[in-house]
Asks: 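The structure is given below, and queries will be raised subsequently.
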Amino acid sequence: MRFATWNVNSVKARLPRLLDWLAGTAPDVVCLQETKVADDGFPSAEVAELGYETAAYGQGRWNGVAVLSRIGLDDVRRGFTGVPGYPEPEARAVSARCGGIRFMSVYVPNGRTPDDPHYAYKLQWLAALREALIPDLKAGPLVVAGDYNVAPADADVWDITLFANSTHVTPPERAALAAIREIGLTDVPARALKGDHPFTYWDYRAGMFHQNKGMRIDLVYGSADVAERVTDAYVDREARKGKGPSDHAPIVVDLTD
DNA sequence: ATGGCCCATTTAATGGGA
């Protein structure tokens, strides 16, 4: 089985690239984030032509997540139990069972700045996610993949000295991720196709990508029974190149059957 | 080579992204 996660930064703006990438990479399951489209606008028919069923949870202008699968898709859940809002619940998590594994696509709140209410919301959201995943882990194999908006270690940003007073690297954010791992999820490390750092995000501005000034903020967390099946995982930086890319690259994971 | 913001929306200017 091959699965992937990708923050596409608008599924409509990215549709030609998404379809090409699906055809070329041939993942069985894909977790998408920042689809930025209401469910009735999701290009379900277009991805169906490539054999994918869709579980989309969107709200329009912002956020939006989806799971695509060509190996079956059922038991779809939008959001999760106890999800906090800002102030209303946002479309930041959707899950479905595909090929014997529950896949959850997550788009963690950004946090903006550490003194912003959005930062407190981010920590609340991650704490609530942890609690919601406990019963999911008991129910069977689980993958929680997406844009976590946290760089787990200093090496996961291009220059940690530039992140003083910034979100994504603070101890409480990192502790929130550690608390999620502690319930029985493993960080599936992805290899970089070039260089030493498997960054998944590079700002559009100032040539950050070609200088490889990036961040590792997209992550794949898997239950132990999934993690032990991993044969390869890589960041597809090719998808960040060229005209009209997302600012995030996909992570592709291969499992033994 | 990978190339110097981009997205959606209230279609101009703004909020959000990280």
Asks: Separation of A/His118 atom NE2 from B/dG15 atom C1', in whole Å?
Replies: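 Taking NE2 of A/His118 and C1' of B/dG15, I get 12 Å after rounding.
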
Asks: Go through residues 153-161 of chain A and report each residue with a non-hydrogen atom lying under 4.0 Å from DNA chain B, sorted by number.
Replies: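 Within this stretch, nothing sits under 4.0 Å of the strand.
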
Asks: Are A/Met1 and A/Ile101 packed together at the side-chain level, in the sense that at least one heavy-atom pair is separated by less than 4.5 angstrom?
Replies: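 Counting from C-beta outward, A/Met1 and A/Ile101 do come under 4.5 Å.
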
Asks: Return the set of residues passing ring-ring contact (aromatic ring centres under 6.0 Å, His included) with A/His118 (not counting sequence neighbours), or none when no residue passes.
Replies: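 ring-ring contact (aromatic ring centres under 6.0 Å, His included) list for A/His118, sorted by chain: A/Tyr86, A/Tyr121.
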
Asks: Give me the distances for all protein-to-nucleotides 7-9 of chain B N/O pairs that come in under 3.5 Å?
Replies:
residue, atom, partner, partner atom, Å
B/dC7, OP1, A/Arg14, NH1, 3.4
B/dC7, O3', A/Ser10, OG, 3.2
B/dA8, OP1, A/Ser10, OG, 2.4
B/dA8, N3, A/Arg61, NH2, 3.3

Asks: Output yes when A/Arg216 and A/Asp187 qualify as a salt bridge under the 4.0 Å nitrogen-oxygen rule, no when they do not.
Replies: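 A/Asp187 and A/Arg216: salt-bridged.
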
Asks: Tell me: CD of A/Glu238 to P of B/dG3, nearest whole Å?
Replies: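 After rounding, the gap between these two atoms is 11 Å.
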
Asks: Between atom CD in A/Glu90 and atom C1' in B/dG17, what is the gap in whole Å?
Replies: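 Rounded to whole Å, this separation is 13 Å.
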
Asks: Give a yes-or-no answer on whether the side chains of A/Gln33 and A/Ser105 include a donor-acceptor pair shorter than 3.5 Å.
Replies: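 Yes, a side-chain donor-acceptor pair sits under 3.5 Å.
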
Asks: Tell me if the centroids of the rings in A/Trp202 and A/Trp158 come within less than 6.0 Å of each other.
Replies: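 Not close enough - the centres of the two rings lie 6.0 Å or further apart.
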
Asks: A/Trp125 and ring-ring contact (aromatic ring centres under 6.0 Å, His included): which partner among A/Tyr148, A/Tyr107, A/Phe80?
Replies: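 Answer to the ring-ring contact (aromatic ring centres under 6.0 Å, His included) test with A/Trp125 among A/Tyr148, A/Tyr107, A/Phe80: A/Phe80.
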
Asks: Say you pick atom P in B/dG4 and the same atom in B/dG17; how far apart are they, in whole Å?
Replies: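 It works out to 23 Å between them.
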
Asks: Do we get A/Arg240 above A/Phe209's six-membered ring, with its NZ or CZ under 6.0 Å from the centre and within 45° of the axis?
Replies: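 That pair qualifies as a cation-pi contact.
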
Asks: Can a donor-acceptor pair be found, under 3.5 Å and without considering hydrogens, that links the side chain of A/Thr231 to the backbone of A/Asp254?
Replies: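 Flag set: sc A/Thr231 to bb A/Asp254 pair under 3.5 Å.
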
Asks: Using the C1' atoms only, state how far B/dT10 lies from B/dG15, rounded to an integer number of Å.
Replies: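 Their C1' atoms lie roughly 12 Å apart.
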
Asks: Please check if atom CG in A/Asp159 has more than 12 non-hydrogen atoms from other residues, nucleotides or ligands closer than 6.0 Å.
Replies: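 More than 12 heavy atoms, drawn from other residues, nucleotides or ligands, come within 6.0 Å of this atom.
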
Asks: Please state how far atom NZ in A/Lys241 lies from atom P in B/dG4, giving the value in whole angstrom units.
Replies: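 Distance, rounded to whole Å: 14 Å.
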
Asks: Are side-chain heavy atoms of A/His168 and A/Asp156 found at a separation under 4.5 Å?
Replies: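 No; the side chains remain at least 4.5 Å from each other.
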
Asks: Take A/Asp247 and A/Ala206, find for each the nucleotide of DNA chain B with the closest heavy atom, and name the residue whose nucleotide sits nearer the 5' end.
Replies: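 The residue mapped nearer the 5' terminus is A/Ala206.
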
Asks: Categorize A/Phe163 for me: base, sugar-phosphate, or nothing, with a 4.0 angstrom heavy-atom threshold over every strand shown.
Replies: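 Touches nothing.
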
Asks: Taking OP1 and OP2 of B/dG17, is either one under 4.0 Å from a side-chain nitrogen or oxygen of A/His168?
Replies: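 No, outside the criterion.
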
Asks: May I have the distance from A/Trp202 (atom CH2) to B/dA18 (atom P), rounded to whole angstrom?
Replies: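 In whole Å, B/dA18 P lies 14 Å from A/Trp202 CH2.
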
Asks: Have a look at A/Asp147 and say if it touches a base, only the backbone sugar-phosphate, or nothing, with a 4.0 Å heavy-atom cut-off.
Replies: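 Since only primed, P, OP1 and OP2 atoms lie under 4.0 Å of A/Asp147, the category is sugar-phosphate.
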
Asks: Under 4.0 Å between a side-chain N or O of A/Tyr107 and OP1 or OP2 of B/dA18?
Replies: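 Checking B/dA18 against A/Tyr107, a side-chain N or O does come within under 4.0 Å of OP1 or OP2.
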
Asks: In whole angstrom, what separates A/Arg205's CZ from B/dG3's P?
Replies: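 Rounded to the whole Å, the gap is 18 Å.
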
Asks: Provide, to the nearest angstrom, the distance between the CG atom belonging to A/Asn110 and the P atom belonging to B/dG15.
Replies: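 In whole Å, B/dG15 P lies 16 Å from A/Asn110 CG.
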
Asks: Quantified in whole Å, what is the P atom distance between nucleotide B/dC5 and nucleotide B/dA1?
Replies: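 Pairwise P distance, B/dC5 against B/dA1, rounds to 22 Å.
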
Asks: Verify, without hydrogens or angle tests, whether A/Thr54 (side chain) and A/Ala56 (backbone) share a donor-acceptor contact under 3.5 angstrom.
Replies: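 Answer holds: no.
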
Asks: Would you please name every residue forming a side-chain contact (heavy atoms from CB on, under 4.5 Å) with A/Ala227, sequence neighbours left out?
Replies: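 For A/Ala227, the residues satisfying side-chain contact (heavy atoms from CB on, under 4.5 Å) (neighbours in sequence not counted) are A/Thr186.
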
Asks: Measure from CZ on A/Arg92 to C1' on B/dG17 and round the result to the nearest Å.
Replies: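 So the two atoms are 11 Å apart, to the nearest Å.
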
Asks: With sugar-phosphate meaning primed atoms plus P, OP1 and OP2, does A/Arg112 contact a base, only sugar-phosphate, or nothing at under 4.0 Å between heavy atoms?
Replies: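 Answer is sugar-phosphate: A/Arg112 comes under 4.0 Å of backbone atoms only.
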
Asks: Kindly express the pairing pattern of DNA chain B in dot-bracket notation, using | wherever a base pairs with another strand and counting only Watson-Crick or G-U pairs under 3.5 Å.
Replies: ....(((((...))))).

Asks: Is the shortest side-chain heavy-atom distance between A/Glu34 and A/Val8 below 4.5 Å?
Replies: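 Answer no - side chains too far apart.
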
Asks: For the C1' atoms, the ones on B/dC6 and on B/dA18, what distance do you get once it is rounded to whole angstrom?
Replies: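 The answer is 13 Å between these two C1' atoms.
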
Asks: Any side-chain to backbone donor/acceptor pair from A/Arg14 onto A/Gly244? Under 3.5 Å, distance only.
Replies: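 Here the side-chain-to-backbone pair exists.
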
Asks: I'd like to know if the side chain of A/His197 reaches the main chain of A/Val157, judged simply by a donor and an acceptor atom lying under 3.5 Å from each other, with no hydrogens or angles considered.
Replies: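 No: the side chain of A/His197 does not pair with the backbone of A/Val157.
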
Asks: Please list, by residue number, the residues of residues 207-219 of chain A whose heavy atoms come closer than 4.0 Å to an atom of DNA chain B; answer none if no residue qualifies.
Replies: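 Heavy-atom cutoff 4.0 Å gives A/Gly207, A/Phe209, A/His210, A/Met215, A/Ile217.
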
